[in-house]
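First comes the structure, then the notes that go with it.
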2 protein chains.
Amino acid sequence: MAADSLTPTGRVVLGMLALGSNTGYDIKQMVDKATRHFWAVSYGQLYPELRRLEQHGLIRGRPEPTGGRSRKVYELTDAGTRALRAWLGANEEPLYEVRDEGLLKLFFSEAQPEVRIEILRAIHERMERKLAQLEALGTPTKSGPGMTLSLGIAITKAYLKWCDEAARHLVKE
Amino acid sequence: MAADSLTPTGRVVLGMLALGSNTGYDIKQMVDKATRHFWAVSYGQLYPELRRLEQHGLIRGRPEPTGGRSRKVYELTDAGTRALRAWLGANEEPLYEVRDEGLLKLFFSEAQPEVRIEILRAIHERMERKLAQLEALGTPTKSGPGMTLSLGIAITKAYLKWCDEAARHLVKE
DNA sequence: AGGTGCATGTAACAGGTTACATGATTAA
DNA sequence: TTAATCATGTAACCTGTTACATGCACCT
């Protein structure tokens, strides 16, 4: 399996294993703790992907039950390490996608000022919640894992600031 | 078809028709011009959805060819208008999703400083390009369609600022 | 005559979510 | 004993992209 046929979730798996995750559950925990605000993964995608990657020889798994509880520990193979490096080193334009239903509503609600204010309030609330979640995750730093966190926080704050301005403007009208 | 079984793309269609779009092509143009930075739609989704919405009675289309060129003009039905309003007025938590491959790479490249700088550069470039695109779209305003644009620009700038700080920090190391 | 824009559409594929199903271990 | 956490997995469904196919109209 070449690096370019690595699925998005496959990349996350390789990356997390490289950073020290062991099991599928473990990877999911890491994702939820560290990357979920810019890259989410669900179990329904994760477990099939683990099997797929193993079939393709990028990872290797061995059963390591905890008592009677089934548990499978994975590690990168050499091919897997190469595939990960190849992806990290490839300088294609990285994917960047946003889907923001709140903005979409705002965009379509032009003719209804009452609804508009309500929508803006909902967006604001959502972002407040997001900010709280991010801040609960740990300390933003200038390097290491806290680095991406600091971006998330910066962006959320910029978003909130925009909300405030927009709300002020709407009320004035 | 109840408002809650409206698909994401279906919502966009209703919204765009309400704002004055006529044909599928037209809707796609509007999306690309106005919402694509927070909500994209492809033809492959759009045309089947138009048919689906018509079948469910939310929109009504009539052929209106331009000379020999086939063309179908759609408009909202009453049910469609209601469905749109229902969605706009529903105060469920609006969906907000980001997928940022650049950040993901950055997150996984912790052990490789050389690659890291390169990745950060790629992210920066991407955001510069995005900013240029957004600025080419029109004038950001405090209300109307330019409102969402101003948010896009604000967020992209916050992102770029973070990039600069991160780069400065990486170089220092 | 040729390129750009208007206009519609489909088939194959990719990627992902949700809900469900199951069961052991551990801390309160 | 019971709730939370560890742990794995599947099936049905949904949503979306990409690549392809087609053809007219208008401007130069």
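In what follows, every heavy atom counts, from backbone to side chain, and hydrogens, waters and symmetry copies are set aside.
If you walk DNA chain D from 5' to 3' and mark each nucleotide with an atom closer than 4.0 Å to a heavy atom of chain B, the marks span dT15(D) to dA25(D).
By the 4.0 Å N-to-carboxylate-O rule, Glu165(B) lies too far from Arg168(B) to be salt-bridged with it. A salt bridge links Glu49(B) with Arg52(B): the closest approach of a Lys/Arg side-chain nitrogen to an acidic carboxylate oxygen falls below 4.0 angstrom. Under the 4.0 Å criterion applied to side-chain N and carboxylate O atoms, Arg126(B) and Glu93(A) are assigned as salt-bridge partners. Comment: Asp78(A) does not engage Arg82(A) in a salt bridge, judged by the lack of any side-chain N to carboxylate O separation of less than 4.0 angstrom.
Between Val12(A) and Val31(A), the closest heavy-atom pair is CG1-CG2, 3.7 Å. Nearest heavy atoms, Arg60(A) versus Leu76(A): NH1-O, 4.4 Å. When all heavy atoms are compared, the tightest approach of Tyr47(B) to Gly24(B) is OH-C, 3.9 Å.
Using a 4.0 Å heavy-atom criterion, one finds that Gly24(B) contacts the sugar-phosphate atoms exclusively. Using a 4.0 Å heavy-atom cutoff across all strands shown, Ser42(B) reaches at least one base atom of the nucleic acid. The residue Pro65(A) sits apart from the nucleic acid: no heavy atom pair falls under 4.0 Å.
Across the protein-nucleic acid pair, Glu54(B) atom CD and dT8(C) atom C1' stand 14 Å apart, rounded to whole Å. Computed from coordinates, the Lys28(A) NZ to dG16(C) P distance equals 13 Å when rounded to whole Å. Between the P atom of dA11(C) and the OH atom of Tyr47(B) lies a distance of 16 Å, rounded to the nearest Å. Atom CD in Gln45(B) sits roughly 16 Å away from atom P in dG15(C) (whole-Å rounding). The distance from atom CG of Leu95(B) to atom P of dT17(C) is 11 Å, rounded to the nearest whole Å. Across the protein-nucleic acid pair, Arg62(B) atom CZ and dT8(C) atom P stand 13 Å apart, rounded to whole Å. As a whole-Å value, the separation of Arg11(A) CZ from dG15(C) C1' is 12 Å. We find that CG of Leu50(B) is positioned 12 Å from C1' of dA7(C), with the value rounded to whole Å.
Using a distance-only test at 3.5 Å, with no hydrogens or angles considered, no donor-acceptor pair links the side chain of Thr148(B) to the main chain of Leu103(A). Using a distance-only test at 3.5 Å, with no hydrogens or angles considered, a donor-acceptor pair links the side chain of Lys105(A) to the main chain of Trp87(B). Put simply, the side chain of Thr23(A) never gets that close to the backbone of Val73(A): no donor and acceptor are under 3.5 Å apart.
OP1 and OP2 of dA14(C) both lie 4.0 Å or more from every side-chain N or O belonging to Thr7(A). Applying the 4.0 Å criterion to OP1 and OP2 of dT8(C), one finds that Tyr25(B) has every side-chain N and O outside that range.
When the local axes at the two ends of the helix from dA1(C)-dT28(D) to dA28(C)-dT1(D) are compared, using 5 base pairs at each end, they differ in direction by 40° after rounding to 10°.
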| request: Apply the test side chain to side chain contact (heavy atoms under 4.5 Å, CB included) to residues Arg62(A) and Glu75(A): give CA-CA distance (whole Å), side-chain angles for both, the deciding distance (0.1 Å), then the verdict. | output: CA-CA 9 Å; Arg62(A) 59 176 190 287; Glu75(A) 57 181 359; 4.0 Å; yes
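The aromatic rings of Tyr159(B) and Tyr96(A) sit perpendicular, their planes meeting at an angle over 60°, well past the 30° parallel limit.
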Between the protein and nucleotides 22-24 of chain C, list the N/O to N/O atom pairs that are separated by less than 3.5 angstrom.
none

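Between Glu97(B) and Gly44(B), the residue anchored nearer the 5' end of DNA chain C, judged by the nucleotide with its closest heavy atom, is Gly44(B).
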